[in-house]
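Following: one structure in structure tokens, then a few remarks.
Nothing here was measured: the structure is a model prediction, and the numbers come from that model. Side chains are part of it too, since the values below use all heavy atoms of this structure and drop only hydrogens, waters and symmetry mates. All residue numbers in this chain count up from 1 along the given sequence.
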Amino acid sequence: MTPRATPSIDALRAELLKLSTLPAIGYTVVGTWALTALLTVAFVNAGQDGADALSGAVPAGFVVLGLLPITSEYQGGQIRTTLLAVPRRITTYGAKLVALLLVTLPVAGTTVAITALIDGPADLRAIGYLTATTIIAHATGTLLRKTVPALVSLLTYYFILGPLLQAHTSLTTYLPDSTNWLTLSTWAAGLTTLAILTFHSRDA
């Protein structure tokens, strides 16, 4: 007799299935890779470092990748079914987070590899930056629950407020779009902790 999988494993399998069958996720991944290739070629032709593409528009794809799995569940009402199937909310959120990481890491690795193929060796730390961006977006989506407000908030920060703050303050090391690994980890962990607490206590 085959042993029954634990609720955590069942929840993880369910979340991976959701991610693999959500069309918007596939479109986001393919679009991000295409954008990476186009921007890297453009940077190289302009005489710049192709790796700069990873800190340009490319992170927007990882923002979307982090947001969609959670906000689409809230807006479509599927979150209620999910919580009926797995009532333990910490287990549910943990499964969502692990599933997202399992998808994001190879996507980020491939994104960096595309840059490397076009312009030579790339900084592998970019994988961590893109992954942390996804986790920050996922936590933000959990807190706001709606795709458009969360997406507008994050893109406004990453492409308007963030660059302005970096240009006019000395606090760049402490901002969530910093390339400092300790800062990124702190923001990702802090927002994820807040998201878990909110997910645990708030009505679906």
Side-chain angles (χ1 to χ4, degrees), residues 19-20 22-71 100-141 147-192:
L19 290 176
S20 65
L22 189 62
I25 296 294
Y27 298 147
T28 298
V29 170
V30 173
T32 298
W33 287 342
L35 180 63
T36 301
L38 289 172
L39 287 178
T40 303
V41 169
F43 275 110
V44 171
N45 288 339
Q48 301 179 43
D49 187 348
D52 289 344
L54 298 176
S55 58
V58 170
F62 288 85
V63 167
V64 175
L65 183 62
L67 281 179
L68 284 181
I70 188 68
T71 56
L100 183 61
L101 283 171
L102 289 175
V103 170
T104 302
L105 283 170
V107 172
T110 303
T111 302
V112 174
I114 290 170
T115 300
L117 285 172
I118 297 172
D119 192 39
D123 190 344
L124 294 180
R125 289 176 296 181
I127 296 174
Y129 173 77
L130 296 174
T131 301
T133 299
T134 306
I135 298 305
I136 288 171
H138 187 264
T140 304
T147 303
V148 173
L151 184 61
V152 169
S153 298
L154 286 166
L155 294 185
T156 298
Y157 173 76
Y158 276 100
F159 296 103
I160 299 176
L161 295 179
L164 283 175
L165 289 171
Q166 290 178 11
H168 296 95
T169 73
S170 58
L171 301 176
T172 55
T173 304
Y174 307 104
L175 298 175
D177 56 341
S178 167
T179 54
N180 181 285
W181 181 242
L182 178 59
T183 300
L184 272 175
S185 300
T186 301
W187 274 100
L191 285 173
T192 296

Inset, instruction - Could you walk me through whether T147 and V64 pass side chain to side chain contact (heavy atoms under 4.5 Å, CB included), step by step? - result: CA-CA 9 Å; T147 303; V64 175; over 6 Å; no
Legend entry - Qualifying residue for side chain to side chain donor-acceptor pair (under 3.5 Å) with D177, from Y157, Y158, Y129: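 Of the listed residues Y157, Y158, Y129, the side chain to side chain donor-acceptor pair (under 3.5 Å) partner of D177 is Y157.
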Do any N or O atoms from the side chain of [X] and from the backbone of [Y] form a donor-acceptor pair under 3.5 angstrom?
{"X": "T110", "Y": "P106", "result": "yes"}
{"X": "W187", "Y": "T133", "result": "no"}
{"X": "T183", "Y": "T173", "result": "yes"}

Give the minimum heavy-atom separation between [X] and [Y], together with the two atoms involved.
{"X": "Q166", "Y": "T172", "answer": "CA-CG2, 3.2 Å"}
{"X": "L165", "Y": "L175", "answer": "CB-CD1, 3.8 Å"}
{"X": "T28", "Y": "A24", "answer": "OG1-O, 2.7 Å"}
{"X": "A53", "Y": "L39", "answer": "CB-CB, 3.7 Å"}
{"X": "D123", "Y": "R125", "answer": "OD2-NH2, 2.7 Å"}
{"X": "L67", "Y": "A150", "answer": "CD2-CB, 3.5 Å"}

Inset, instruction - Could you tell me whether the side chain of S55 reaches within less than 4.5 Å of the side chain of T179, counting heavy atoms only? - result: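 T179 does not reach S55 side chain to side chain.
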Legend entry - Identified side chain to side chain contact (heavy atoms under 4.5 Å, CB included) partner of V107 from the options L105, T104, T111: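 Result for side chain to side chain contact (heavy atoms under 4.5 Å, CB included) with V107: T111.
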Inset, instruction - Check L54, D119, D52 against T40 for a side chain to side chain contact (heavy atoms under 4.5 Å, CB included) and give me the one that passes. - result: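 Answer to the side chain to side chain contact (heavy atoms under 4.5 Å, CB included) test with T40 among L54, D119, D52: D119.
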Legend entry - F62/T131 under side chain to side chain contact (heavy atoms under 4.5 Å, CB included): CA gap, chis, key distance, verdict: CA-CA 8 Å; F62 288 85; T131 301; over 6 Å; no
